[in-house]
Amino acid sequence: MFNRIHAGFRILGMLCILLAMPALPADAAALNGLTAQPDETSSVMSESWSSIEDHAKRAGGRSRESLSLSQLMKKYPDTFRTSGPRVKKIALTFDDVPDPRFTGKVLDVLKEQQVKATFFAVGERAKKHPGLVKRMHEEGHAIGNHSYNHAQLNKLSLHKFKDQIERTNMVIKSITGIEPRLIRPPYGEINEEQLQWARKNGFKVVNWNVDSLDWKGLGKDEVMSNILSAVGPGSIVLQHAGGGVGSDLTGTIEALPGIIRELRGKGYTFVTLPEMLGLPESFKH
């Protein structure tokens, strides 16, 4: 009997203590109940070429304070572009160059079709294959900066971001004399601090609004369908003329003549990105 009475007093005492405690704010209570989860995007491969730009669509990991890409485009419309003026002009763009397996074949098609395009070069690759970069320039194509080693730029500090851009520009300038003003971030990802630096230093960041998805190794018909079903006035088309080990861009190379012929038949002309956006390809010093 005594033990039951004693236990009752203990329970009553604990209830009094709990009632006297201040209530936790809702957000603090929620935080106390959270279990830390690993950041799935922290292990994104900066130098792997097996999952190109669509990885950005699946990657999360932004803090609540950071702006999305669409918000950044609205906030910095003169610096961050995905399309040109709505006139019947199209910019064909090719990422991840130079690559001895594919870049020369893409250049052959463009030369045969008398089309000028824009190539986004990776500094590390440009250093290894300067002849292809020189050929792009000599054949009248525009060249942009695609980072030094295909890093996911928005995960880097500003210092490391600047190094990626500046090293690549130095390599391209040493080969062609051109110091590119255009940046295309790998995976299409960039953060606000980096975008502000780009704007301050006269760069333009250019993504795309038509994605061929050719990096998946798609065949000719699928590549054509992905482009022709989405293209319109002022479109910037994303394709690749370089890839990783095991990549197959045969579909892009085979689809390119048909894409050009069909769009020309609809009254479109092809321009480089500097022409489309009305800006010089290179900085002048």
### Message
Between Met276 and Pro85, is there a side-chain heavy-atom distance shorter than 4.5 Å?
### Response
yes

### Message
Pair Asp96, Arg184 - check salt bridge (charged side-chain N to carboxylate O under 4.0 Å, His left out), show working.
### Response
CA-CA 10 Å; Asp96 302 346; Arg184 172 166 288 165; over 6 Å; no

### Query
Hey, mind stepping through Leu156 and Asn191 against side-chain contact (heavy atoms from CB on, under 4.5 Å) and telling me if it holds?
CA-CA 9 Å; Leu156 301 182; Asn191 65 40; over 6 Å; no

### Query
Under 3.5 Å, is there a donor-acceptor pair between the side chain of Asn209 and the main chain of Ile236?
yes

### Query
Does Ser282 offer a backbone N or O that forms a donor-acceptor pair with the side chain of Glu179 under 3.5 Å?
no

### Task
For Asn207 and Gly188, indicate whether the former's side chain and the latter's backbone hold a donor-acceptor pair under 3.5 Å.
yes

#### Entry: Short side-chain to backbone donor-acceptor contact, Asp99 and Gly243, under 3.5 Å
yes

### Query
When rounded to the nearest 0.5 angstrom, what distance separates CG in Leu69 from CG in Asn154?
8.0 Å

### Query
Any side-chain heavy atom of Lys105 within less than 4.5 Å of one from Leu249?
no

### Task
Working to the nearest 0.5 Å, report the span between OG1 of Thr272 and CD1 of Ile143.
11.5 Å

### Query
Does the His141 side chain pair with the main chain of Ala117, one donor and one acceptor, at a distance under 3.5 Å?
yes

### Query
Under a 4.5 Å cut-off applied to non-hydrogen side-chain atoms, are Gln194 and Ile165 in contact?
no

### Task
Check Ala151 against Ser147 and note the closest heavy-atom contact, atom names and distance.
N-OG, 3.4 Å

### Task
Report yes if the side chains of Pro98 and Arg135 come closer than 4.5 Å at any heavy-atom pair, otherwise no.
no

### Query
Any side-chain heavy-atom pair from Tyr148 and Val171 closer than 4.5 angstrom?
yes

### Query
Taking C-beta and beyond as the side chain, do Leu182 and Leu279 meet within less than 4.5 Å on heavy atoms?
yes

### Task
In sequence, state the C-alpha distance, the side-chain angles, and the governing distance for Leu273 and Lys204, and then conclude on side-chain contact (heavy atoms from CB on, under 4.5 Å).
CA-CA 10 Å; Leu273 280 175; Lys204 300 288 184 183; over 6 Å; no

### Any side-chain heavy-atom pair of Val106 and Ile253 under 4.5 Å
yes

### Query
Is there a donor-acceptor pair closer than 3.5 Å between any side-chain N or O of Gln152 and the backbone N or O of Pro186?
no

### Derivation and outcome, side-chain contact (heavy atoms from CB on, under 4.5 Å), residues Leu132 and Phe119
CA-CA 11 Å; Leu132 283 168; Phe119 290 85; over 6 Å; no

### Message
Looking at Lys220, I want to see if its NZ is surrounded by more than 12 non-hydrogen atoms of other residues, nucleotides or ligands under 6.0 Å.
### Response
no

### Query
Where the side chain of Thr93 meets the backbone of Val237, is there a donor-acceptor pair that is under 3.5 Å apart?
yes

#### Entry: Residues Lys162 and Glu166 bridged, charged N to O under 4.0 Å
no

Under 3.5 Å, sequence neighbours excluded: what are the donor-acceptor pairs made by side chains of residues 260-270?
residue: Arg264; atom: NH1; partner: Gln113; partner atom: O; Å: 2.8
residue: Arg264; atom: NH2; partner: Gln113; partner atom: O; Å: 2.9
residue: Arg264; atom: NH2; partner: Gln114; partner atom: O; Å: 3.2

### Query
Ser225 side chain to Glu222 main-chain N or O, any donor-acceptor pair under 3.5 Å?
no

Residues 70-79, side-chain donor-acceptor partners within the protein, below 3.5 Å, at least two apart:
residue: Ser70; atom: OG; partner: Ser68; partner atom: OG; Å: 3.1
residue: Gln71; atom: OE1; partner: Ser68; partner atom: N; Å: 2.8
residue: Gln71; atom: OE1; partner: Ser68; partner atom: OG; Å: 3.3
residue: Lys75; atom: NZ; partner: Glu192; partner atom: OE2; Å: 2.6
residue: Tyr76; atom: OH; partner: Glu192; partner atom: OE2; Å: 2.5
residue: Tyr76; atom: OH; partner: Gln196; partner atom: NE2; Å: 3.0

### Query
Quick one: are Thr252 and Phe94 in side-chain contact, heavy atoms under 4.5 Å?
yes

### Task
Mark yes when over 12 heavy atoms from residues, nucleotides or ligands other than Lys88 sit less than 6.0 Å from its NZ; otherwise mark no.
yes

### Query
Is there a donor-acceptor contact under 3.5 Å from the side chain of Ser212 to the main chain of Leu238?
yes

### Message
Between Asn145 and Ile183 (side chain of the first, backbone of the second, donor and acceptor by atom type, cut-off under 3.5 Å), is there such a pair?
### Response
no

### Message
Could you measure the distance from the CG atom of Leu110 to the CG atom of Leu92? Nearest 0.5 Å is fine.
### Response
7.0 Å

### Glu281/Thr118 under side-chain contact (heavy atoms from CB on, under 4.5 Å): CA gap, chis, key distance, verdict
CA-CA 10 Å; Glu281 177 186 5; Thr118 304; over 6 Å; no

### Task
Give the ring-plane orientation class for Trp197 versus Phe161, where under 30° counts as parallel, over 60° as perpendicular and anything between as tilted.
perpendicular

